[in-house]
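None of the values given here were measured: they were computed from a predicted structure. Below, chains carry the letters A, B, ... as their sequence lines are ordered, and counting in each starts from 1.
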2 protein chains.
Amino acid sequence: MSHAEPGLAEKVARVSRVTLSEVVYRDIRELILAGQVAPGEKFTLRGMAEAVGTSPMPVREAVGRLSAEGALEILPNRAIRVPIMTRERFAELTIIRAEMEGLAAEYAARNAGAEEIAAACGFHEEFAAESAKADPDGAAALRLNKDLHFAVYRAAHMPNLLQIIDGLWLQVGPVINLDLRASGRRLKEVEAHKHHARLIAALKAGDGASARQALADDIRAAASFILATGDLPSAP
Amino acid sequence: MSHAEPGLAEKVARVSRVTLSEVVYRDIRELILAGQVAPGEKFTLRGMAEAVGTSPMPVREAVGRLSAEGALEILPNRAIRVPIMTRERFAELTIIRAEMEGLAAEYAARNAGAEEIAAACGFHEEFAAESAKADPDGAAALRLNKDLHFAVYRAAHMPNLLQIIDGLWLQVGPVINLDLRASGRRLKEVEAHKHHARLIAALKAGDGASARQALADDIRAAASFILATGDLPSAP
DNA sequence: TATTGTCATCTGTGATCACATATGTCAAAG
DNA sequence: CTTTGACATATGTGATCACAGATGACAATA
């Protein structure tokens, strides 16, 4: 290929053809993250294939990836289901999240550019506004909360860390969303916006230790609420 | 089971039945961990399938899982290769490892039973003995080093954390092993056994903070050596 | 010699088939 | 009414086939 023409041919060629496996993977992933599939729910390759209008093949690859990430579970019977979240597993994941996401916040405080901090700050203000309402929109607040968190994590400029955190959110996603439906005021009660404010202030000051502390507190406060009010089974 | 002859052999075969995908997955995984495939090396589904004596099908699933874990990489051309380790990626993975494995060590100091500490101590003594030799066996020392580390991580009793650490070792595995061949005395020069001794002492004392510090120092010392002496490319 | 165009081959992706096992149904025996 | 057995169906796993795009070899051309 000649390098002379960066024009149309190049662009068209760069149109990365996305595989069906990738599409199915992202579809199932979104279902799980949005909490639209309940923990313990089982499904089959052929059933999912018919639902998305493909052969079972792409679903197989998607399920393989998702089970490798812990977002799905393959029982000894070879059945496929959304993993059940126990109190013990949730507690462990909370410890890991506080550590990893705190680490990301610490490096974000060091490495973030001004525009990245501004973006995170924007999400923070939107979130605080939504939280302050008399009857806050839980789904919208939750989305803004996620936007804020990942704006910070991206600002750390650590792609491998970001990928691990992504996998952790995929595992706790169902519980977070299901719990929100059970108790809509969660985000206000745990005073998430106050933790967020401390986080943003630390980012602006370039104070890594404080950023880490604020983020860890945010995660632990939300987790404590879920462990206290949620109905997570206690099977070890 | 309603079959006429259940027989012992039948039962054993049925119980211990693992899928071919799983076998192939573990095979490739071991190749990568042992550093028997070089970073950048490419391979094909059909080629690997013929090598292991199956159809391409199980290889496809194994490769899918491994690429989800970052142990393999799928290029835009859809070619499959062992990821190239850059200085930047190695530095980031080292930060993450120091944090995660340090966390595991801290909880191991709290949660480990006496027999678990004894097992780790045994690996430590074997490792120290091998390191003290005039001409230490690098491969054996590396294996003992891994045994010691994972004995500690298992003692934390945090299965999710253990799985994440496993994935991290899978990503840094090739470099560790390749570097060892280039400079056999690495383990002695970085004085790994001294870090290990501090770690074991902290475990016995139940001192989580010291255990974390010792383990983080061990990882950072080895990483510094590789960054200083290795020939990792500097492509961001 | 260097470049380009053509053609045979290779490779990943997706669909379909074959098979062993797991699950569900239902009638007969206790 | 409960339990057990056989039988029909459904499901995951593995192999094979079909196909579009990528790769590589090689001759023709400037």
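One end of the helix from C/dT1-D/dA30 to C/dG30-D/dC1 points its axis 20° away from the other end's axis, with each axis taken from 5 pairs and the angle rounded to 10°.
For the pair A/Arg81 CZ and C/dT23 P, the interatomic distance rounds to 13 Å; values are reported in whole Å. Between A/Lys42 atom NZ and C/dA22 atom C1' the separation is 10 Å, expressed in whole Å. Atom CG of A/Leu45 is separated from atom P of D/dT11 by 9 Å (rounded to the nearest Å). As rounded to whole Å, 13 Å separates atom P of D/dT11 from atom CE of A/Met48. Spacing between atom CD1 of B/Ile80 and atom P of D/dT23 amounts to 13 Å, rounded to whole angstrom units. Atom CZ in A/Phe43 sits roughly 13 Å away from atom C1' in D/dG12 (whole-Å rounding). Put simply, CZ on B/Arg46 is 11 Å from P on C/dT13, counting in whole angstrom units.
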List the steps and the verdict of side chain to side chain donor-acceptor pair (under 3.5 Å) for A/Ser67 and A/Glu73. CA-CA 5 Å; A/Ser67 71; A/Glu73 193 179 15; over 6 Å; no

List the steps and the verdict of side chain to side chain contact (heavy atoms under 4.5 Å, CB included) for B/Leu170 and B/Leu66. CA-CA 9 Å; B/Leu170 195 56; B/Leu66 287 164; 4.1 Å; yes

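Within 4.0 Å of A/Arg78, counting heavy atoms only, lie sugar-phosphate atoms of the nucleic acid but no base atom. At a threshold of 4.0 angstrom between heavy atoms, the contacts of A/Ile74 with the nucleic acid are absent.
Residues A/Val24 and A/Glu61 fail the side-chain proximity criterion, which asks for heavy atoms closer than 4.5 Å. In this structure, the side chains of B/Tyr153 and B/Asp166 stay at 4.5 Å or more apart for every pair of heavy atoms. Contact annotation: the side chain of A/Glu101 approaches that of A/His149 to within less than 4.5 Å [non-hydrogen atoms, C-beta and beyond]. For the pair A/Pro233/A/Ile84, a side-chain contact is recorded, criterion being any heavy-atom separation below 4.5 Å from C-beta on. Between A/Met85 and A/Pro174, every side-chain heavy-atom pair lies at or beyond the 4.5 Å cut-off. The shortest distance between side-chain heavy atoms of A/Ile164 and B/Leu168 falls below 4.5 Å.
Heavy-atom distances under 4.0 Å link DNA chain D to A/Arg60 of residues 50-68 of chain A, given in residue order. Using a 4.0 Å cut-off on heavy atoms, none of the residues of residues 22-29 of chain A approach DNA chain D.
The side chain of B/Thr19 sits closest to D/dT13 out of D/dT11, C/dG12, D/dT13. Between D/dG12, D/dT23, C/dG12, one nucleotide has an atom nearer to the side chain of B/Asn77 than all others, and that is D/dT23.
In terms of phosphate contacts, A/Ser21 brings a side-chain nitrogen or oxygen within less than 4.0 Å of OP1 or OP2 of C/dG14.
For the residue pair B/Glu92 / A/Tyr107, no side-chain donor-acceptor distance below 3.5 Å is found, with atom types taken as modelled. Defined by atom type and a distance below 3.5 Å, a donor-acceptor pair is present between the side-chain atoms of A/His157 and A/Glu116. A donor-acceptor pair shorter than 3.5 Å can be found between the side chains of B/Glu69 and B/Tyr25.
Annotation for A/Glu50: atom CD does not count as buried by contact number, only 12 or fewer foreign heavy atoms lying within 6.0 Å.
Mapping B/Gly47 and A/Leu20 onto DNA chain C by nearest heavy atom places B/Gly47 at the nucleotide closer to the 5' end.
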